[in-house]
Amino acid sequence: MMEVWQPRLLDASEKGACRELWEEIFTEDSKRFLDYYDRWKYKENECYGIFHGDRLASMLQLNPYEMQVRSGRSFRTVSSCYIIAVATREEYRHRGMMAALLKESLGQMRNKGMPFTFLMPAAEAIYAPFGFRYFYESDEGMWKLWGMEEGENQTALSVRPAGTADIPELVVFSEEVQSELFDCYTSRNPHYYEMLFAELASEGGGMLLLTEPGTEAAAGPRRKPSVKGGRLVAAVPYWGEDPVEIREVLCRLKDKEQVLSALDRWWKDRRAGKPSERISVAGAAFELEKKKPVIMGRIVDAMSFLELFSSERPMELFLELSDKLLEENSGVYRWSLSPEGSRAERITFSESGTLRAAEASPGTSGRKTVRITSAELFSNLMGGEEPEGALEGVCACKKSYINEIV
């Protein structure tokens, strides 16, 4: 007989049980990091759990994020959640607890109208059956200290540690760079950077700011120059000192070589007399040695998801969408798109008949029909590939930047 589990939203007094389970399952995380998480994340996240008696047997957490998604000629701000800390005690595994937690939490997100959610999988095979598909690849690589020289025509960038006084400039800088390079990214407000500084400190790291010295007049009308230098060129959070692990290099593509040279010089000066080493770099805003699939996502509310997109020219599609996990998404949708955006309408039909997309628009010239699963639709529109077939002409999200840990 199949076991039936009752996942539920935990109240604040029960979140301590999540810490205990986290420490049992994710043994690689330090006490300092978990203290940071307790202080910052539990105040605003939602934790779902399944209890066996009075013991938390399985959990899943939803950390809220605001996302910017290119929609038509501008960006739209949408709410989403990062699914993390999916964990089950060993003696309760392979009994359907994770599936029950996913279905419950996805249903609650759908009730809030969230278009999509995302997670960092331990393995693709775990989440693919639940409709998740990769849509963010991290640019990663290694470089050897003392291996780069600044070119004759390059301006030597100034490098300094960042502090909380830099947060207003970081907010504006990150928005400018991300909106220039990406179609989907996490919004970074002052609260975001306050948490990031605390997270980096919990792992013995910090953030470096790279600026052009003596260029205050060129800082531009939208933001003031850096409090201790000229125009901000790059923001580089990192973990640890020995070894150093660079968590992100956020800068414009044209500044890549300058930024890497300045970082090489920065750590070279601080490691005088020590053996040369290779520094790990992840989450760069430009291409490095390899791309590593990192973040998977899936549709939560189909209607909200469809209305994120636009088309190169006015067009209308009929979608017959199927979603085995979130059956509420299954149905036929009339989807009208233009360069300004789109509108989706769910077509209802009587209980006595089944209406397919092809039957919704019989003989209608210029209308295309698509029979597709929610996972296929997400992959087509968020996976970075050009949509094919009837979806050709939809302006898909070609490049995402979801460089988040928790």
Side-chain angles (χ1 to χ4, degrees), residues 64-82 109 113-119 132-139 170-189 192 222-223 235 248 250-254 283-287 291 293-317 319 333 335-344 370 372 374-388 390-404:
Y65 276 84
E66 277 196 345
M67 312 295 295
Q68 297 294 326
V69 181
R70 193 182 301 276
S71 180
R73 296 186 173 93
S74 60
F75 282 87
R76 282 185 58 185
T77 302
V78 299
S79 296
S80 185
C81 282
Y82 188 177
M109 285 187 278
M114 293 184 183
F116 61 89
T117 186
F118 57 99
L119 53 79
F132 287 85
R133 295 295 183 269
Y134 277 116
F135 75 112
Y136 168 60
E137 294 182 319
S138 174
D139 281 286
L170 280 166
V171 169
V172 177
F173 174 75
S174 66
E175 174 62 24
E176 289 179 350
V177 175
Q178 289 189 108
S179 63
E180 181 181 313
L181 300 179
F182 309 110
D183 298 315
C184 173
Y185 56 90
T186 50
S187 300
R188 300 186 173 189
N189 57 23
Y192 174 96
R222 292 186 61 188
R223 56 186 166 89
E248 176 177 281
L250 186 63
C251 70
R252 292 177 171 83
L253 302 183
K254 66 182 180 64
F286 44 77
E287 289 190 4
K291 287 183 178 293
V294 174
I295 298 292
M296 300 178 79
R298 77 146 9 247
I299 294 172
V300 176
D301 179 65
M303 192 86 73
S304 299
F305 180 78
L306 290 171
E307 293 185 344
L308 291 176
F309 300 93
S310 63
S311 61
E312 298 168 354
R313 54 188 175 277
M315 59 186 289
E316 187 170 78
L317 298 174
L319 300 181
Y333 298 81
W335 192 21
S336 303
L337 302 99
S338 74
E340 284 71 40
S342 68
R343 181 176 179 274
V370 184
I372 195 168
S374 61
E376 291 168 341
L377 183 62
F378 184 87
S379 189
N380 264 267
L381 299 182
M382 297 289 289
E385 303 294 333
E386 290 290 343
E388 298 179 351
L391 293 176
E392 188 176 354
V394 178
C395 296
C397 178
K398 296 181 179 179
K399 193 168 186 182
S400 297
Y401 193 65
I402 319 290
N403 189 38
E404 310 302 332

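A quick note: this is a predicted structure, and the numbers were derived from the prediction, not measured. The residues of the chain are indexed from 1 along the displayed sequence.
Taking the side chain as every heavy atom from C-beta outward, F305 and M382 approach each other to under 4.5 Å. Side-chain atoms of M67 and S80, non-hydrogen and from C-beta on, do get closer than 4.5 Å to each other. A 4.5 Å side-chain heavy-atom check between F182 and S400 finds every atom pair outside the cut-off. Residues F135 and F118 meet the side-chain proximity criterion, which asks for heavy atoms closer than 4.5 Å. In this structure, D301 and M114 have side chains that are not in contact, with every pair of non-hydrogen atoms separated by 4.5 Å or more.
When atom types are taken as modelled, the side chain of T117 and the backbone of C81 share a donor-acceptor pair closer than 3.5 angstrom. Between the side chain of S342 and the backbone N or O of F309, at least one donor-acceptor pair lies under 3.5 Å. With hydrogens and angles ignored, the 3.5 Å screen pairs a side-chain donor or acceptor of R70 with a backbone N or O of S179. A side-chain donor-acceptor contact under 3.5 Å links S304 to the backbone of G113. Side-chain N or O atoms of R313 include none that pairs as donor or acceptor with a backbone N or O of P339 at under 3.5 Å. Put simply, the side chain of S338 gets close to the backbone of E340: a donor and an acceptor are under 3.5 Å apart. Side chain of W335 to backbone of L306: a donor-acceptor contact under 3.5 angstrom is found. Between the side chain of R76 and the backbone N or O of E307, at least one donor-acceptor pair lies under 3.5 Å. Side-chain atoms of Y82 come within 3.5 Å of backbone atoms of E404 as a donor-acceptor pair (strictly under, hydrogens ignored).
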For this session: Step by step, work out the side-chain contact (heavy atoms from CB on, under 4.5 Å) result for D139 and F286.
Result: CA-CA 7 Å; D139 281 286; F286 44 77; over 6 Å; no
Problem set entry | side-chain contact (heavy atoms from CB on, under 4.5 Å) between F378 and F132, intermediate numbers included | CA-CA 8 Å; F378 184 87; F132 287 85; over 6 Å; no
Exercise. What's the verdict on salt bridge (Lys or Arg N to Asp or Glu O under 4.0 Å) for E376 and R133, showing C-alpha distance, side-chain angles and the deciding distance?
Worked result: CA-CA 8 Å; E376 291 168 341; R133 295 295 183 269; over 6 Å; no
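Under a cut-off of 6.0 angstrom, the local environment of CD in E180 is crowded, with over 12 non-hydrogen atoms contributed by other residues, nucleotides or ligands. The neighbour count for E287 CD, taken as heavy atoms of other residues, nucleotides or ligands under 6.0 Å away, does not exceed 12.
In this structure, K399 NZ and Q178 CD are separated by 12.0 Å, a value rounded to the nearest 0.5 Å. How far CD1 of I295 is from CG of N403: 8.5 Å, rounded to the nearest 0.5 Å. Taking CD of E312 as the reference point, atom OG of S310 lies at 8.5 Å (rounded to 0.5 Å).
P115 and S79 make their closest contact through CD-O, 3.6 Å (heavy atoms, listed as atom of the first residue, atom of the second, distance). Contact detail for L250 and E248: the closest heavy-atom pair is CB-OE2, 3.8 Å. When all heavy atoms of V294 and S138 are compared, the pair lying nearest together is CG2-CB, 3.5 Å. Of all non-hydrogen atoms in S174 and R188, the two that sit nearest each other are OG-CB, 3.6 Å. The nearest pair of heavy atoms linking N380 to E388 is OD1-N, 3.8 Å. What you find for C184 and I402 is that their closest heavy atoms are SG-CD1, 4.1 Å.
No side-chain donor-acceptor contact under 3.5 Å links Y401 and Q68.
Across I299, L308, L381, a single residue satisfies side-chain contact (heavy atoms from CB on, under 4.5 Å) together with F116, and that is L308.
We find that D183 and K398 are not joined by a salt bridge, their nearest charged nitrogen and carboxylate oxygen being 4.0 Å or further apart.
Residues forming a ring pair (Phe, Tyr, Trp, His ring centres under 6.0 Å) with F75 (at least two apart in sequence, or on another chain): Y185.
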